[in-house]
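Because only heavy atoms are used, hydrogens play no part in the values below, and waters and symmetry mates are left out as well, while side chains stay in.
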Amino acid sequence: MKKKSVILLLLFIISCEKNKIVKETTENRDSLTTNTNIFSKTAEDKQKKYESQKIKNLNSKYYTTLDTVVISNENDFSLKLSKQDFNKIVDNHPEFFNELIQSPDITYRNFGADFSSEAGQDQYYNLYAYFLAQKNGVEKNARHRKKLIRIYSAINSIFAYLANGGTFFGHQQSRLAADAEYAVYLHSESDNNQSKDEYDVSKQKKLYIQSLRQRIDDEVKIDKESTEQEKTERIQELNEFVNEADLLITNLFYLRCAQHFQYNYY
């Protein structure tokens, strides 16, 4: 009996030692995994910091040396920035200087988190337009830019009047310079712009202008709160914006831009 007890005691001791070894092995492995993860994260953070610093160094050529920078455009937008604030935007928003530029809507969704309010979004779109204009050539594309802003503004005004106003149209007016600049960018990037603009688009343009006038007639006629005289006057006022678009759309490029802008937002 005594011998049996000794054997059981030895087996218990061996079992405890085995569990201790397993526990220590597991702890060491977990510690090694944790350390590996820490080292991996540290290396990843260092790489991100390096890439960020690399981009900043590349974009530092866009820094301003002026004490104040005033960003303005043909759309009567104006934003005054200190040198520090301007250069901070250059550092924090390398997307403005990418070789391949995406539309302002996509760019804002991906990178505009720090401009989250409606007014902030207005600012972001105009910063986008400002930096892209430098890439496109401010003077080189001044004519295209100005005409597109006027076309887009006329279209926005038509639908604002039809909807009896609203904050959407006010913000859209503030942001349309970005859409105009992006259209200029796409136009300048195209390899065969000249050949595209050669054929006569007068029939297509006529149909588009007619569709705007028809839309105005249909929308105004169902207004039950206005008198017939008021409806007639409103149609005349709205058609003034159509007349402006009609004068400004002189080739396929402007026609396609007008159509895209309208169908994309209204």
Side-chain angles (χ1 to χ4, degrees), residues 73-77 101-107 125 128-129 132-133 136 140-223 226 230-266:
N73 55 41
E74 292 83 350
N75 198 29
D76 296 328
F77 175 86
I101 303 297
Q102 293 183 302
S103 73
D105 294 334
I106 292 175
T107 305
Y125 274 60
Y128 170 101
L132 186 53
N136 290 335
K140 176 184 174 183
N141 286 291
R143 181 174 60 88
H144 290 320
R145 183 179 300 113
K146 187 173 182 179
K147 285 185 74 171
L148 285 171
I149 287 176
R150 289 178 63 190
I151 291 169
Y152 291 171
S153 182
I155 293 171
N156 186 59
S157 296
I158 290 169
F159 288 92
Y161 273 84
L162 288 176
N164 293 312
T167 57
F168 167 81
F169 302 100
H171 288 296
Q172 189 64 27
Q173 183 66 34
S174 297
R175 299 168 191 169
L176 56 81
D179 290 284
E181 202 61 54
Y182 183 60
V184 171
Y185 165 75
L186 293 179
H187 186 62
S188 62
E189 288 293 303
S190 177
D191 293 329
N192 55 349
N193 286 319
Q194 195 63 38
S195 61
K196 282 186 177 181
D197 286 346
E198 284 178 356
Y199 74 83
D200 183 12
V201 296
S202 57
K203 290 183 179 179
Q204 292 184 50
K205 173 186 165 182
K206 184 178 180 180
L207 289 171
Y208 175 67
I209 296 300
Q210 284 177 344
S211 71
L212 286 173
R213 297 194 195 281
Q214 189 63 54
R215 178 74 175 268
I216 290 169
D217 285 347
D218 292 343
E219 293 285 341
V220 173
K221 284 178 180 177
I222 62 172
D223 180 6
S226 300
E230 289 172 336
K231 289 180 182 180
T232 300
E233 292 174 355
R234 194 176 181 200
I235 288 173
Q236 290 176 346
E237 290 174 1
L238 285 164
N239 272 303
E240 287 301 314
F241 295 114
V242 181
N243 292 341
E244 183 174 9
D246 191 12
L247 285 172
L248 293 167
I249 297 173
T250 54
N251 59 34
L252 182 63
F253 168 63
Y254 294 118
L255 175 61
R256 290 289 181 264
C257 287
Q259 291 171 324
H260 178 268
F261 182 77
Q262 178 188 337
Y263 302 146
N264 191 43
Y265 292 113
Y266 311 99

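Side-chain atoms of N251 and R256 include no donor-acceptor pair closer than 3.5 Å. Looking only at atom types and distance, the side chain of Y265 has a donor-acceptor partner in the side chain of D179 under 3.5 Å away. Between the side chains of S202 and D200, at least one donor N or O sits under 3.5 Å from an acceptor N or O.
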- Please test I151 against F261 for side chain to side chain contact (heavy atoms under 4.5 Å, CB included), starting from the C-alpha separation and ending with a verdict. CA-CA 9 Å; I151 291 169; F261 182 77; over 6 Å; no
- side-chain hydrogen bond (donor to acceptor under 3.5 Å, both in side chains) between K147 and T250, intermediate numbers included: CA-CA 10 Å; K147 285 185 74 171; T250 54; 3.0 Å; yes
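Atoms CZ and CG, on R150 and L247 in that order, are 8.0 Å from each other to the nearest 0.5 Å. Interatomic distance, R143 CZ to L148 CG, rounded to the nearest 0.5 Å: 10.0 Å. Taking CG from D217 and CG from L238, the interatomic distance works out to 9.5 Å, rounded to the nearest 0.5 Å. A distance of 10.5 Å separates CD in E244 from CD1 in I155, rounded to the nearest 0.5 Å. For the atom pair CG (L252) and CD (Q259), the distance works out to 8.5 Å, reported to the nearest 0.5 Å. Rounding to the nearest 0.5 angstrom, the gap separating the CD1 atom in I149 from the CZ atom in R145 is 7.5 Å.
Under the 3.5 Å distance criterion, the side-chain polar atoms of N243 are matched with a main-chain donor or acceptor of N239. Judged by distance alone, with hydrogens and angles left aside, the side-chain atoms of K231 form a donor-acceptor pair with the main-chain N or O of D223 at under 3.5 Å. Side-chain N or O atoms of T107 include one that pairs as donor or acceptor with a backbone N or O of Q102 at under 3.5 Å.
In this pair, Y182 and Y128 present their aromatic rings tilted. The plane angle is within the 30 to 60° band. Using cut-offs of 30° and 60° on the angle between ring planes, the pair Y263 and Y208 is perpendicular.
Using a 4.5 Å heavy-atom cutoff, the side chains of R175 and N75 are not in contact. Between N141 and Y185 there is no side-chain heavy-atom pair separated by less than 4.5 Å. Counting heavy atoms from C-beta outward, Y152 and Q173 have side chains that stay 4.5 Å or more apart. In this structure the side chain of D105 reaches within 4.5 angstrom of the side chain of N264, judged on heavy atoms. Counting only heavy atoms from C-beta outward, the side chains of V220 and L162 approach each other to under 4.5 Å.
Of all non-hydrogen atoms in I209 and A245, the two that sit nearest each other are CD1-C, 4.5 Å. When all heavy atoms of S188 and N136 are compared, the pair lying nearest together is OG-OD1, 4.0 Å. P104 and A178 get closest at one heavy-atom pair: CB-CB, 3.8 Å. Across all their heavy atoms, A177 and N73 have their closest contact at CB-ND2, 3.7 Å.
Between F241 and Y161, the distance separating the two ring centers is shorter than 6.0 angstrom.
Between R215 and E219, at least one side-chain N (NZ, or NE/NH1/NH2) sits under 4.0 Å from a carboxylate O, which counts as a salt bridge.
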